[in-house]
Amino acid sequence: MSLKSKMLRVLAAVLVPSLMLAMVSGCGKSGKKRTLVMVCNAAFPPFELVREGEIGGIDPDIVREICERNDYELKIEDMPFGSVIAAVQTGKADVAASGITVTDERRKMIDFTDPYVTARQRIMVRKDAGEFSIECLDTNLIGVQEGTTGDMFVTKHYREPERYKNVPEVVQALKTRKVNAVVVDEEPARAEAAANPDLVLLSVPLATEDYAFGISKRRPDLLNMFNVTLRQMKADGTLDRIIAEARIRCASNDADAFDGGLLDRIKADFKLNFVNGNRYRYLLNGFGVTMLVTVLSVLLGILLGFLVAIVRSTHDMTGTHVVADAVCRCYLVVIRGTPVVIQLLIIYFVIFCSLDVSKILVAVTAFGINSGAYTAEIIRAGIMSLDRGQIEAGRSLGLSYRQTMLRVILPQALRNVLPALGNEFIVLLKETSVSGFIALEDLAKGGDIIRSQTYNAFLPLMAVAVIYLAVVMFFSRLLGNLERGLQKKNRK
Ligand code: ARG
């Protein structure tokens with residue numbers, strides 16, 4: 001089989017299932033029942049956590065009951081806590097249910113339902129920390145979850161804290177001595193301490209707070225529905241029952257007891273992180289999402305790249321298409337001058353600011369547009385590297401400019417830049433690891449979910465790194481073969 005047909009087969013094997021998956025995931029909606037989208041940061045037990053691949057806990061359980069009583073279908077999304085309120089404000093979600101404390105500043109941005117739980121902030125330290133009193137917050141490095149009331153409390157009264165995206169990372173920082181104490185909400189802190197015997201909560205309670213659900217100021221109807229149903233649930237005892245049951249479920253920790261040496265520890269950790277609760281599936285599914293997003297983005301990037309490269313090099317060679325060239329230049333400057341995570345967040349929160357858009361689509365759009373800018377310059381370099389005589393030769397054969405471009409220039413240019421395009425694929429594969437910012441469960445996010453469940457950083461991070469490395473090595477190899485094949489062909 002020739003190299004070309006081999007490549008085509010590989011491409012088809014990856015693409016066809018991916019495209020089918022994208023289509024299927026886009027058309028699975030039932031269309032009948034109204035959908036309510038809830039956002040949370042699902043690493044905050046017992047309020048929200050991922051278990052057996054599903055988001056559960058006090059918040060989802062209460063919201064699910066409210067949905068059932070009002071004939072809504074519930075869709076839950078997991079994202080960084082710092083984005084949860086913005087998601088409701090910008091209309092990406094209907095309700096934020098994430099152990100959110102009611103504060104006056106937040107009230108300016110969203111409406112709150114009646115409170116459903118009273119909570120407290122707590123200080124947690126390592127057992128070996130010795131005496132630690134509240135005054136020590138001034139002089140020690142303190143870890144918090146970004147954007148939480150714990151963060152605001154430490155910042156306002158003590159010092160700039162070390163801010164982490166998720167509670168498990170805050171706890172990990174404490175365990176690994178990056179910080180000397182953390183300020184987090186009491187119940188998640190207790191859950192973490194139960195799983196980490198080397199940590200303790202100080203008995204001194206800090207501020208007492210109310211948790212409530214956040215709803216957009218533009219949805220008084222929804223606010224009313226939540227409050228009416230919450231009152232009913234309080235009156236008939238359902239609210240207390242749901243909260244108590246979720247607490248019990250969360251307390252059943254699945255960490256295996258062990259009392260052996262290092263090898264046993266590794267074995268136990270391996271089982272905890274990948275085998276128990278079939279956690280390996282987060283990596284497997286995440287891997288599928290990462291590949292799908294990368295392949296589709298590269299294709300979109302190539303399409304955009306071609307267009308831009310043709311416009312730019314036509315302008316360079318003939319001086320025409322001034323406006324189109326200026327637009328393309330702007331595109332290149334803006335896209336190459338801003339970080340891809342920011343582009344992703346802008347596309348998610350600002351451009352696609354409606355509820356019902358597939359996150360795969362958002363990610364493909366963002367990464368595709370981003371990759372297009374780099375691909376454009378790669379292809380343009382390929383076009384410019386050809387001898388100008390090629391165009392003249394084409395024209396003197398009676399071909400039009402367009403025909404010369406399509407039949408003579410582009411095929412040669414493409415062949416010259418194929419290795420560089422392959423490289424773009426590899427770069428993009430790794431760049432998509434920021435997809436977790438928009439709650440897309442890609443490979444990196446799969447590792448995050450495992451970490452948030454097992455309170456264990458080493459193995460999940462290693463596993464994610466090894467998978468990326470293996471895929472990159474596989475594709476680099478493929479690329480190397482392709483390059484050698486092309487060189488042989490050129491020599492003939
Ligand atoms: N109650 C705190 C706040 O509202 C922390 C909430 C954090 N929630 C979470 N799911 N991580 O700021």
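In this chain, residues are counted from 1 in sequence order. Both counts, for ligands and for their atoms, begin at 1 and track the order of listing.
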Report task. Side-chain contact test, heavy atoms from C-beta onward, threshold under 4.5 Å: evaluate it for Asp442 versus Val293 and give yes or no. Result -> no

Query raised in the report: With Leu141, which residues qualify under side-chain contact (heavy atoms from CB on, under 4.5 Å), at least two apart?
Result: Arg159, Glu162, Val179

Requested in this report: With a 4.0 angstrom cut-off on heavy atoms, strictly below it, pick out the residues next to ligand 1 and order them by chain and number.
Outcome: Asn41, Phe44, Glu48, Phe81, Ser98, Gly99, Ile100, Thr101, Arg106, Gln145, Thr148, Thr149, Asp185, Glu209, Tyr211

Query raised in the report: Can we say Asp128 and Arg177 salt-bridge, meaning some charged N sits less than 4.0 Å from an Asp/Glu carboxylate O?
Result: yes

Show me the donor-acceptor pairs, under 3.5 Å and distance only, between side chains in residues 190-197 and residues at least two apart or in other chains.
from   : atom 1 : to     : atom 2 : distance (Å)
Arg190 : NE     : Glu186 : OE2    : 3.2
Arg190 : NH2    : Glu186 : OE2    : 2.8
Asn196 : OD1    : Lys175 : NZ     : 2.6
Asn196 : ND2    : Glu192 : O      : 2.9

Report task. Verify the neighbour count for atom CE of Met109: are there more than 12 heavy atoms of other residues, nucleotides or ligands below 6.0 Å? Result -> yes

Query raised in the report: side-chain contact (heavy atoms from CB on, under 4.5 Å) with Lys178: which residues, sequence neighbours excluded?
Result: Tyr164, Ala173, Thr176

